[in-house]
Amino acid sequence: MHSINSEPRFETPFRYLIPSGYDSGMRVPAMLFGNARTVESAWKDGSAKQAINVSTLPSILKASIAMPDIHGGYGFPIGGVAAFDYEEGIISPGGVGYDINCGVSLFTVPLTYSRFAERRKEVIDEIFNRVPSGLGNKSSEPVSMNDMAQIMNEGLNWAVNNGLALSEDRERTEDGGAMKSESISGVSNAARQRGKNQVGTLGAGNHFLEVQRVEKIFDHAIAQKFGVDEEDQITFMIHTGSRGLGHQVATDHLKEISGKFSGPPLRDTQLMYAEIHGRQGISYLGAMAAAANFGFVNRAVIGWRVRQAFRKVFGIEESEIKLVYSLAHNIAKPEEHEIDGKRTKVMVHRKGATRAFPAGKAEGIFVSTGHPVIVPGDMGSRSYLLVGDVENMNLSFGSSCHGAGRLLSRHGSLNTFRESEVMEKLKNEGVYARFSTRKVMLEEAPGSYKNIDEVIGITTGAQLARSVAMMKPVGVVKG
DNA sequence: ATGTGC
């Protein structure tokens with residue numbers, strides 16, 4: 001049926017090609033970074049098919065790309081990267097996801113593990129009490145609508161001006177924590193109302209706050225430049241996004257774009273898109289940037305609460321706790337890439353994928369090292385700090401993976417695990433955990449996620465990123 | 001992922 005040239009195949013041990021001849025609608029190939037097992041899993045759960053669907057969209061360039069942690073998402077796969085011609089191309093809210101600027105931040109604390117362990121429970125309880133978590137949970141200090149406008153327009157600058165972040169945090173945040181928004185008028189009043197009560201809140205599901213111990217440093221020179229000085233050092237990681245505000249922005253714009261869509265029939269209505277420079281595209285992009293800025297502020301404010309908790313328990317000044325990096329793994333942004341030997345401006349969609357430009361290409365202070373890539377594992381497992389590798393500009397639009405990906409469904413986890421054994425397992429692993437609900441504890445139980453080491457092995461083996469350090473959780477706060 | 005499932 002297919003010619004030999006259109007058969008999907010491994011081009012290299014970690015690169016699986018689905019040629020554009022595989023399916024009549026494909027405009028470009030689909031390229032899955034993975035091994036035999038992850039690729040099989042992508043065919044099984046439908047996410048490989050989703051990557052193929054993305055390759056049929058107008059103005060897509062080079063390839064529809066997937067990271068080794070690919071799994072099914074809304075229209076576009078999670079773990080997907082797709083770039084569209086900037087001048088005449090499209091923007092698709094499904095290629096960003098509902099949780100706009102879902103992302104991760106990593107901080108270092110000047111404490112060794114042994115000193116931390118003496119007061120582990122005290123400081124984790126302190127963090128749990130200062131950082132609201134769980135579905136629908138609200139900030140203890142709602143901001144004004146005027147603040148909301150500033151947060152959406154100026155991003156992290158708002159947090160710095162209000163004493164909730166350090167000035168230096170800006171150079172350690174993607175895009176300085178302030179994406180340019182043409183206009184925030186595309187953020188509905190409902191979205192703003194949801195956001196004003198959620199500054200500094202963690203949320204639920206796989207969002208978490210984790211205190212960690214640096215277990216292994218792979219690249220001492222890069223680690224030191226990132227501020228990760230030695231093994232046994234304490235770090236903390238925050239994984240959350242733009243909460244109800246970003247979700248509302250996605251909902252509003254998908255509805256608006258779908259209602260007036262006039263393009264050719266889509267394979268999947270969830271692939272709905274707008275022209276980048278059309279009225280709807282401009283409106284969505286402005287609102288998306290506003291939500292992204294809210295996400296950067298949210299992670300920064302949570303980081304500030306944790307800094308305060310460490311000050312209270314250990315007497316460490318906020319300024320001694322350094323941000324390594326805060327990044328977005330659900331975002332679309334204009335970038336320049338070389339395609340077929342030509343510099344081309346593209347709108348890169350990364351959904352469950354991390355920008356990871358290598359040395360020489362990276363933004364600001366990271367030009368000499370490459371961008372840090374923060375890859376959280378599941379609780380009780382480990383997380384990785386990577387750095388963009390030189391080859392990835394040609395392979396993946398300078399992108400890397402973002403996490404482990406679920407193994408069991410939420411429902412499956414609820415049926416599989418028991419409260420007592422989860423707590424026992426965490427305790428045995430040396431993790432003190434606080435949860436706002438029992439349901440989330442079970443849904444996020446160790447064993448619910450794929451092995452993070454396999455994802456990292458593929459990511460580094462495929463030369464998307466290089467390992468810098470590995471961290472083990474020692475305390476967890478979850479929704 | 002998300003104040004409201006199919």
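Quick caveat: nothing in here was measured; it's all calculated off a predicted structure. Lettering of chains follows the sequences in order, A, B, ..., and the numbering in each one begins at 1.
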Check the distance between B:dA1's P and A:Arg410's CZ and give it to me in whole angstrom.
4 Å
Please determine, by modelled atom types, if A:Thr460 and A:Arg466 share a side-chain donor-acceptor pair under 3.5 angstrom.
no
When you look at CD of A:Glu215, are more than 12 heavy atoms from neighbouring residues, nucleotides or ligands closer to it than 6.0 Å?
yes
Looking across every strand, which nucleic acid part, if any, lies under 4.0 Å from A:Ala250 by heavy atom: base, sugar-phosphate, or nothing?
nothing
Numerically ordered, the residues 287-296 of chain A set in heavy-atom contact under 4.0 Å with DNA chain B is none
A quick test of your reading: do over 12 heavy atoms of other residues, nucleotides or ligands sit less than 6.0 Å from NZ of A:Lys439?
no
May I have the distance from A:Asp252 (atom CG) to B:dT4 (atom P), rounded to whole angstrom?
15 Å
Starting at atom CD of A:Gln193, determine the distance to atom P of B:dT2, rounded to an integer number of angstrom.
19 Å
Which pairs pass side-chain hydrogen bond (donor to acceptor under 3.5 Å, both in side chains) with one or both residues in residues 57-83 of chain A, sequence neighbours excluded?
A:Asp69-A:His402
Find the distance A:His411:NE2 to B:dA1:C1' and express it as a whole number of Å.
19 Å
Using the closest heavy atom to pick a nucleotide of DNA chain B for each, name whichever of A:Asp99 or A:Leu135 lands nearer the 5' end.
A:Asp99
Residues in side-chain hydrogen bond (donor to acceptor under 3.5 Å, both in side chains) with A:Glu210, at least two apart?
A:Gln212
Distance check needed: B:dA1 P versus A:Gln198 CD, whole Å only.
15 Å
So, are A:Glu126 and A:Arg434 salt-bridged, with charged N and O less than 4.0 Å apart?
no
Is any side-chain N or O of A:Arg243 closer than 4.0 Å to OP1 or OP2 of B:dA1?
no
Taking atom C1' of B:dT2 as reference, at what distance in whole Å does atom NE2 of A:His239 sit?
14 Å
According to a strict under-4.0 Å criterion, is A:His207 in side-chain N/O contact with OP1 or OP2 of B:dT2?
yes
Rounded to whole angstroms, how far apart are CG on A:Asn197 and P on B:dT2?
15 Å
Between P on B:dA1 and CG on A:Leu254, what's the gap in Å once rounded to a whole number?
18 Å
Compute both the distance and the angle, then confirm whether A:Arg120 meets the cation-pi test with A:Tyr432: under 6.0 Å from the six-membered ring centre, within 45 degrees of the axis.
no
Would you say a side-chain N or O of A:Asn330 is under 4.0 Å from OP1 or OP2 of B:dA1?
no
